[in-house]
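Following: one structure in structure tokens, then a few remarks.
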Amino acid sequence: MIIIQKEENFNEWYNEIVEKAELSDKRYPIKGMNVWTPYGWKIMRHIDTYIRQELDRTGHDEVCFPLLIPETEFKKEKDHIKGFDAEVYWVTHAGLNELDVRLVVRPTSETAMYPMFSLWVRSHTDLPLKIYQIVNTFRYETKQTRSFIRVREIHFFESHTCHDSEEDAQRQVEEDFVILERVMKKLCLPYSLLRRTDWDKFPGAYYTVGIDTAMPNGRTLQIGSIHHYRTNFSEPYNISFEDANGERRFVHQTTYGMSERLVGAVIGVHGDDKGLVLPPALAPIQAIIIPIISKGNADTVNNATQDLSRRLNDAGIRCQVDDRDERPGSKYFHWEIRGVPLRLELGMRDIENGLVTYARRNDGQKGTFAIADAEKEAESILDGIADAMLQAAWEKQRTAVQDVESLQDPPEKILRFGWCQEEECGHEIEDRFDLTLLGTPYNDDGYEGKCIVCGKATKKAGYAARSM
RNA sequence: GGGGCUGUGGGGUAGCUUGGUAUCCUUGUGGCUUUGGGAGCCACUGACUCCGGUUCAAAUCCGGGCAGCCCCA
């Protein structure tokens, strides 16, 4: 039984869902390093699969770089090292010997990849270079950790690209947005694109676009980011090419990354007081069949459920029969906590009428359909669930944002207000109200107003919130 | 960075002040009866965070480590 209510205490509810839905085991004896248990890992694998599909489709090649980075390479870009200094793990010994050059356990892979890029890129015909990897990275979080959301070993994808011009790199950023939209549709997740403030951008970046999703407690969760580096890394790492005129120029670079926080966002956005609610595209089990058996009809019912399961699996629907020796009610709760999108019930009553009884996890809607049309019907219900989830989630994202004219007693929401873009006013907003200034919409939203601090007229909105 | 609190079967807990046989719920295993919204009965398995100290005797007292939680900066 889920005891904690989502709206009343989101943090405790979240922890309970992670445990009860068996997504992760956090008893591993290192803080912030949790075990991916089978059900949770299947969800993550589906996300990885969609990311691979989209990156492959847009001409990115998958690679896999070493986990360890020599200190000498790590320190080549000054802002970058400043940003990560306090949160990297070091390998200082090999066997009994102290290492001459210490090794950094990657917190992200720029400094692992770029020395190699310098060897790989020689001519303009080598560009654009578009690669990605799906790996784990390590950051020494000192704050309280939380499954999927704040961890020390982070499962993520990172794509890195090199271009012959700033414009071509900019086109890459635009392509990243398309990839984002397609992936997020699978996850039924809404998001906003905010250009981060200069003091909050990625260490070493020219600019950063943060991808944020609103959580039910009025906070925001950053689930990914896209960076334009210009030549900030290619200069120290000497990634240059000979252009068509025979001149040497530095490449312009971008990166794009999203992590297991996507799982955290799915839990937070879609879950309810009965447990997890999974988008059909992520669900390890999309349809669970519950046989309703009573005296003397076990064989008939079991044959019918097995047959139905086989047909649905053949049709590409991930389906299982729950034939455990439990009461049906207990099975309903079991699969509801785990977020299975569609429940199918089959008993003598249904079989005699040629029907299947179904229940949708996202909204509890129940009904029946003809057994004969099961493949088509199940597929169409799953599509309907995905559509409804996406729409409901976007509606929540929209209502999570509130326009404010002053910062007196700000509500526990994402705040939108005028901001003149001056750093001084930005810091004032953050310091006085203990909020993070998330940035300014990447795509102009037609805002007109006055800076909430200095009162100067501005056409730019600022967004601020507490972050998770 | 500073301060406070807590570690007991897989999960949640009682016991700790005042040292001596570890409580209850849940989960798990086996059996019988059950099955359209969390079934009942019986039997069984399973724990004192780690290291050191005090003591005839430590879950309990003392010191340290590790892990977790909370508050402040």
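Each chain gets a letter, A, B and so on, in the order the sequences are listed, and its residues count up from 1. Computed over heavy atoms, backbone and side chain alike; hydrogens, waters and symmetry mates excluded.
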Nearest-angstrom distance, P atom, rU49(B) to rA22(B): 15 Å
Non-neighbouring partners of S192(A) that pass side chain to side chain contact (heavy atoms under 4.5 Å, CB included), sequence neighbours left out: L194(A), D212(A), Q397(A)
Contacting residues from residues 355-365 of chain A, given that a heavy atom lies under 4.0 angstrom of RNA chain B: T357(A)
Pairing residues for Y442(A) by the side-chain hydrogen bond (donor to acceptor under 3.5 Å, both in side chains) criterion, not counting sequence neighbours: Q170(A), E174(A)
rG11(B) to rC71(B) separation - P atoms, rounded to the nearest Å: 25 Å
Donor-acceptor list for residues 305-314 of chain A side chains, cut-off 3.5 Å, not counting sequence neighbours:
unit_1: T305(A); atom_1: OG1; unit_2: V301(A); atom_2: O; d: 3.3
unit_1: T305(A); atom_1: OG1; unit_2: N302(A); atom_2: O; d: 3.0
unit_1: S309(A); atom_1: OG; unit_2: N313(A); atom_2: ND2; d: 3.4
unit_1: R311(A); atom_1: NE; unit_2: E375(A); atom_2: OE2; d: 3.0
unit_1: R311(A); atom_1: NH1; unit_2: I371(A); atom_2: O; d: 3.2
unit_1: R311(A); atom_1: NH2; unit_2: I371(A); atom_2: O; d: 2.9
unit_1: R311(A); atom_1: NH2; unit_2: A372(A); atom_2: O; d: 3.1
unit_1: R311(A); atom_1: NH2; unit_2: E375(A); atom_2: OE1; d: 2.9
unit_1: N313(A); atom_1: OD1; unit_2: C319(A); atom_2: N; d: 3.2
unit_1: N313(A); atom_1: ND2; unit_2: S309(A); atom_2: O; d: 3.1
unit_1: N313(A); atom_1: ND2; unit_2: C319(A); atom_2: O; d: 3.1

Any donor-acceptor N/O pair under 3.5 Å between rG37(B) base and E336(A) side chain: yes
rA14(B) versus rG9(B) - spacing of their C1' atoms, nearest Å: 14 Å
Sugar-phosphate, base or nothing in reach of E22(A), heavy atoms under 4.0 Å: nothing
Atom-pair distance (CD1 on I337(A); P on rG37(B)), nearest Å: 17 Å
Euclidean distance, R150(A) CZ relative to T145(A) OG1, rounded to 0.5 Å: 9.0 Å
Nearest-Å distance once atom P is located in both rA47(B) and rU6(B): 25 Å
Watson-Crick/G-U partner (both atom distances under 3.5 Å) of rU45(B): none
Pairwise C1' distance for rG19(B) and rA59(B), with rounding to whole Å: 10 Å
Length of the line joining Y140(A):OH and rA67(B):C1', which is rounded to integer Å: 12 Å
Partners passing salt bridge (charged side-chain N to carboxylate O under 4.0 Å, His left out) against R361(A) (at least two apart in sequence or in another chain): D272(A)
Base partner of rU13(B), which must satisfy Watson-Crick or wobble distances under 3.5 Å: none
Rounded interatomic separation in angstrom, taking CD1 from I293(A) and P from rG37(B): 15 Å
Closest-nucleotide ordering on RNA chain B, the 5'-leading residue of S330(A) and G32(A): S330(A)
Touch class at under 4.0 angstrom, heavy-atom based, for R343(A) against every strand present: base
Side-chain (H80(A)) to main-chain (F233(A)) donor-acceptor, under 3.5 angstrom: no
With sequence neighbours excluded, residues passing side chain to side chain contact (heavy atoms under 4.5 Å, CB included) with H46(A): Y50(A), L282(A), R318(A)
Separation of the P atoms in rG15(B) and rG20(B), to the nearest angstrom: 14 Å
Expected output: side-chain R196(A) to main-chain L438(A) donor-acceptor under 3.5 Å: yes
Proximal nucleotide (of rG37(B), rU35(B), rA67(B)) relative to the P328(A) side chain: rU35(B)
Salt-bridge present (K376(A), E379(A); N to O < 4.0 Å): no
Donor-acceptor contact below 3.5 Å, side chain K20(A) vs main chain G275(A): no
Nucleotide nearest Y332(A) when distance is taken to its side chain, options rG37(B), rA67(B), rA39(B): rG37(B)
Salt bridge (charged side-chain N to carboxylate O under 4.0 Å, His left out) partners for E73(A), two or more places apart: K76(A)
Side chain of K31(A) - closest among rA67(B), rG37(B), rG36(B): rA67(B)
Base partner of rA39(B), which must satisfy Watson-Crick or wobble distances under 3.5 Å: rU33(B)
Separation of rG37(B) P from E345(A) CD (nearest whole Å): 8 Å
Any residue meeting side chain to side chain contact (heavy atoms under 4.5 Å, CB included) with K456(A), in chain and number order, not counting sequence neighbours: C420(A), E422(A), C454(A)
Spacing between M33(A) atom CE and rG68(B) atom C1', to the nearest angstrom: 16 Å
rA58(B) to rC50(B) separation - P atoms, rounded to the nearest Å: 14 Å
Between protein and nucleic acid, restricted to nucleotides 42-50 of chain B and to nitrogen or oxygen atoms under 3.5 Å apart, what atom pairs and distances do you find?
none

Taking every non-hydrogen atom, the tightest pair across H270(A) and L189(A): NE2-CD2, 3.9 Å
rG68(B): pairing nucleotide in any strand, Watson-Crick or G-U under 3.5 angstrom: rC5(B)
Salt bridge present between E326(A) and K331(A) (N-O < 4.0 angstrom): no
Sugar-phosphate, base or nothing in reach of K26(A), heavy atoms under 4.0 Å: nothing
Spacing of H334(A) atom NE2 relative to rA39(B) atom C1', expressed in whole Å: 17 Å
Each nucleotide N or O in nucleotides 27-34 of chain B that has a protein N or O under 3.5 Å away: list the pair and distance.
unit_1: rU34(B); atom_1: OP1; unit_2: K295(A); atom_2: NZ; d: 2.5
unit_1: rU34(B); atom_1: O2'; unit_2: R327(A); atom_2: NH1; d: 3.2
unit_1: rU34(B); atom_1: O4; unit_2: D325(A); atom_2: OD1; d: 2.8
unit_1: rU34(B); atom_1: O4; unit_2: D325(A); atom_2: OD2; d: 3.4

Rounded interatomic separation in angstrom, taking CE from M348(A) and P from rU35(B): 15 Å
Protein-nucleotides 7-12 of chain B N/O pairs closer than 3.5 Å?
unit_1: rG10(B); atom_1: O3'; unit_2: R27(A); atom_2: NH1; d: 2.6
unit_1: rG10(B); atom_1: O2'; unit_2: R27(A); atom_2: NH1; d: 2.9
unit_1: rG11(B); atom_1: OP1; unit_2: R27(A); atom_2: NH1; d: 3.4

Nucleotide opposite rC56(B) in a Watson-Crick or G-U pair, distances under 3.5 Å: rG20(B)
Any residue meeting side chain to side chain contact (heavy atoms under 4.5 Å, CB included) with D403(A), in chain and number order, not counting sequence neighbours: R416(A), Y447(A)
Electrostatic pair R45(A):D48(A) at N-O distance under 4.0 angstrom: no
Interatomic distance at P, rC25(B) relative to rA43(B), whole Å: 13 Å
Interatomic distance, Y28(A) OH vs rG68(B) P [rounded to whole Å]: 12 Å
